[in-house]
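First the structure, in the form of structure tokens, and then the observations on it.
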Amino acid sequence: MQHDEVAERVRQVIRDAGVSQREFARRMVIDPSKLSRSLGGTRRFTTAELARVADIADVDAGWLLGAHAEHGAAPSPQAEAPPSVARPPRRARNAGAAGQPAADGGRPLQIVRQTVRLIAEHGLHSVRVADIAEACGTSTAAIHYHFPGRDELLEAAARWCMDEDTARRAARTADTDHAGDELRLLIELQTPYTAQQRRQWSVWLDLWAEAARSTAVGELHVEYYRQWRATVAEVVRRGIAQQVFRPVDPEAAALSLTALIDGLASQVLATTPGEPGTSAEDMHGALLRYVDATLTAG
């Protein structure tokens, strides 16, 4: 598919979403200038970025990518693009029984989700493309069609994790007006109490290590933390205005608090639940004490 056709499909998705390009870029966890250049034709969308667009807008990823063959097979070079971009098809909902992958195992989003799950369970460097293909019920060729290299797949996995984390925080704090309550809720959401939260943190730790060696993942890491710290800083700023927090530097407070969250979470993950060491309860208590000691007014 020609790049201008892909760009027009993404423009249609943004129009249907009813948001600005900048807001859509924020949801993609991408720099707005990159989105603008991609829509303008001076930069190509990566497969990982198009997978994120499909996930955010709940449209069929194959429609965005121009992939029409079933089961993740690459479309024929002679295959014609659909004549219209006006009505993007919704993503299929036919997941298999007992939570098994849907029949169309080659779709990018399914590949990304299974990659994240396998990384959480086995570690980044223990997961092979063959393992991902088996989990998706497809072939390694289908995986490589959507994600030609390891870097592309890691970038897509990182984007998915970042968006899931951002969406979960936004949903849980949407109705919270008191800044002190919201900050404590954010802390609770970042504390790995459950097995699922521990798996999410396990993926984060692997991606952090990869960020030190991978430019693509590293750039995402920087952008995500810029947004995460900005979220915390904004809560602190509102807390100062509400006089529930002391008049501190919000950005400096956000940097310190997010760094403390990360450091404590890594200690929790290094401790077997129920064994001596740093527990989730220890982490949560330490963070609340830190907020009371450094931020809480009065």
Side-chain angles (χ1 to χ4, degrees), residues 20 22-34 52 158-193 197-198 200-212 217-270 278 280-298:
S20 66
R22 177 170 291 276
E23 169 59 18
F24 202 84
R26 186 194 66 78
R27 297 180 185 184
M28 288 177 66
V29 194
I30 185 177
D31 189 279
S33 65
K34 286 187 176 180
R52 288 295 314 117
R159 286 186 183 279
W160 189 85
C161 288
M162 291 170 183
D163 188 66
E164 286 290 295
D165 192 52
T166 301
R168 181 170 58 96
R169 290 200 309 266
R172 289 288 300 276
T173 61
D175 299 325
T176 307
D177 295 323
H178 188 279
D181 292 343
E182 182 170 348
L183 187 60
R184 287 168 174 79
L185 182 54
L186 288 175
I187 287 171
E188 180 181 344
L189 291 172
Q190 295 302 112
T191 303
Y193 276 110
Q197 287 173 316
R198 289 180 69 92
Q200 289 173 338
W201 270 106
S202 295
V203 174
W204 280 125
L205 292 180
D206 268 344
L207 291 176
W208 288 346
E210 193 65 24
V217 175
E219 288 178 354
L220 287 175
H221 182 271
V222 169
E223 176 62 17
Y224 173 77
Y225 263 85
R226 184 190 66 78
Q227 293 187 14
W228 165 225
R229 284 194 293 264
T231 296
V232 176
E234 177 58 27
V235 174
V236 172
R237 191 173 291 108
R238 285 194 288 108
I240 295 171
Q242 293 173 0
Q243 298 186 332
V244 297
F245 293 149
R246 302 172 189 176
V248 299
D249 180 339
E251 282 74 22
L255 177 62
S256 298
L257 181 57
T258 55
L260 185 58
I261 289 171
D262 294 343
L264 285 169
S266 66
Q267 293 183 41
V268 173
L269 263 66
T278 303
E281 291 77 10
D282 293 335
M283 171 180 171
H284 196 185
L287 290 170
L288 294 182
R289 288 191 296 273
Y290 177 82
V291 168
D292 285 340
T294 63
L295 293 177
T296 303

Determine the minimum heavy-atom distance between G180 and F245, stating which atoms define it.
CA-CZ, 3.8 Å
Can you find a pair of side-chain heavy atoms, one from C161 and one from Y224, that are under 4.5 Å apart?
no
Value for OH (Y290) from CG (L264), rounded to nearest 0.5 Å, stands at 11.0 Å
Rounded to the nearest 0.5 Å, what separates atom CD in Q190 from atom CD in Q197?
8.5 Å
Could you tell me which non-hydrogen atom of R246 sits nearest to which non-hydrogen atom of A293, and how far apart they are?
NH1-O, 3.1 Å
Where is the tightest heavy-atom contact between M283 and I261, given as atom of each residue plus distance?
CE-O, 3.6 Å
Is the closest basic N to carboxylate O distance between R168 and D165 below 4.0 Å?
yes
Do R184 and D292 have side chains that approach each other closer than 4.5 Å (heavy atoms only, starting at C-beta)?
yes
In terms of heavy-atom contacts, A280 and T191 come closest through O-CG2, 3.4 Å
Under the rule for salt bridge (Lys or Arg N to Asp or Glu O under 4.0 Å), what residues qualify as partners of D282, not counting sequence neighbours?
none
Min side-chain heavy-atom separation L257-V236 under 4.5 Å:
no
What pair of heavy atoms forms the shortest contact from V244 to A179, and how long is it?
CG2-CB, 4.4 Å
CD/E251 to CD/E234 distance, rounded to the nearest 0.5 angstrom?
9.5 Å
Got a second to check how far R169's CZ is from L185's CG, nearest 0.5 Å?
11.0 Å
Which value, rounded to the nearest 0.5 Å, describes the distance between D249 atom CG and R237 atom CZ?
8.5 Å
Is any NZ, NE, NH1 or NH2 atom of the basic residue among E182 and R172 found under 4.0 Å from an Asp or Glu carboxylate oxygen of the other?
no
Between the CD1 atom in I187 and the OG1 atom in T258, the distance rounded to the nearest 0.5 Å is 11.0 Å
Check A297 against Q243 and note the closest heavy-atom contact, atom names and distance.
CB-O, 3.7 Å
Out of E281, H284, R198, which residue meets the side-chain hydrogen bond (donor to acceptor under 3.5 Å, both in side chains) rule with Y193?
H284
S266 side chain to G263 backbone, donor-acceptor under 3.5 Å:
yes
